[in-house]
Structures are given as structure tokens and as C-alpha cells.
Amino acid sequence: MLFVPVLAAALLGAGCAGTSQHVRVNVPVPVVCDEVVPDRPLMPTEALAPGAPPWVLQRAALAEIDRREAYEIKMRAALVVCTAPIEARQ
């Protein structure tokens, strides 16, 4: 009768004697981004009346390029903050 508990203990102990191997798996975890989305600016070409002269349209289009570039810079900055690794945000 003593043989069965000793055998069971030996088998359970043998299972713990092996070396455990840990494998690191990188899994993306969704994280809330608290960055404020910049407001879209009013574009000069949207405010033009229909039938505006070509020189007025050209001046508004050139001004719109600058506004769009500034808006794009703000949007890219927000994107970089939201997509940066968590370790880098400390």
C-alpha cells in the first residue's frame, strides 16, 4: 500500500524537475490615445463666391496650400504621439 503514494509522489516530482522554457511573444495591445485631434481650418477657396475672378482664386489657392501644410503637420504630430511605443512615452 505504501508503494502507490510513493510512486505518485515520484511521478509528480519528476514533472517539476524539467527545465521550463519561456518564449516571449509580442502581442499588440490597444491603448487609448488621449491626443486632441486638431480642428480643420477654414480654407480660403471654400469662402469664395461663385464666379470669382481667376486672380482671386489663385491667391486663395496659394493661401490654402500653406494652411493645409500647417494642418498636416499638426495631424502628423498627433499621429506620432498615438502610435509611439508605450515605453517611449514615459
Side-chain angles (χ1 to χ4, degrees):
M1 260 338 226
L2 183 63
F3 178 70
V4 174
V6 172
L7 179 64
L11 290 176
L12 289 175
C16 296
T19 59
S20 63
Q21 296 179 356
H22 297 284
V23 177
R24 181 177 178 164
V25 178
N26 294 328
V27 178
V29 178
V31 178
V32 177
C33 179
D34 294 331
E35 187 65 23
V36 178
V37 177
D39 295 329
R40 182 180 180 273
L42 297 174
M43 297 300 169
T45 56
E46 296 170 353
L48 290 178
W55 59 87
V56 174
L57 179 61
Q58 180 185 10
R59 187 174 50 214
L62 290 173
E64 186 170 316
I65 290 171
D66 293 336
R67 283 198 187 172
R68 285 191 187 272
E69 286 177 353
Y71 179 62
E72 181 181 342
I73 289 170
K74 291 177 186 175
M75 289 294 287
R76 284 184 183 265
L79 179 65
V80 166
V81 169
C82 287
T83 58
I86 295 175
E87 294 82 25
R89 291 189 204 175
Q90 296 174 1

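Just so it is clear, the structure is predicted and the values come from calculations on it, not from any experiment.
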Show the atom names and distances, to 0.1 Å, of all donor-acceptor pairs under 3.5 Å that link a side chain in residues 51-62 to residues at least two apart or in another chain.
none

Test of understanding: clusters of I, L, V, M, F, W, Y form through side-chain heavy atoms closer than 4.5 Å, transitively. Do Val27 and Val23 belong to the same one? yes
Mind listing the closest non-hydrogen atom pair of Pro38 and Tyr71 along with its distance?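 In this case the closest contact between Pro38 and Tyr71 is O-CE1, 3.7 Å.
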Which heavy atom in Arg67 sits nearest to a heavy atom in Pro41, and how many Å separate them? O-CG, 4.3 Å
Measure the spacing between OG1 of Thr83 and CD of Glu35 and express it to the nearest 0.5 Å.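 So the OG1 of Thr83 and the CD of Glu35 are separated by 10.5 Å.
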I need the full list of side chain to side chain donor-acceptor pair (under 3.5 Å) pairs touching residues 36-54, with sequence neighbours left out, sorted by first then second residue. Arg40-Glu46, Thr45-Glu64
Salt-bridge test for Arg68 and Glu72: reply yes if a basic N is under 4.0 Å from a carboxylate O, no otherwise.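 Between Glu72 and Arg68 there is no salt bridge, as every charged N stays at least 4.0 Å from the carboxylate O atoms.
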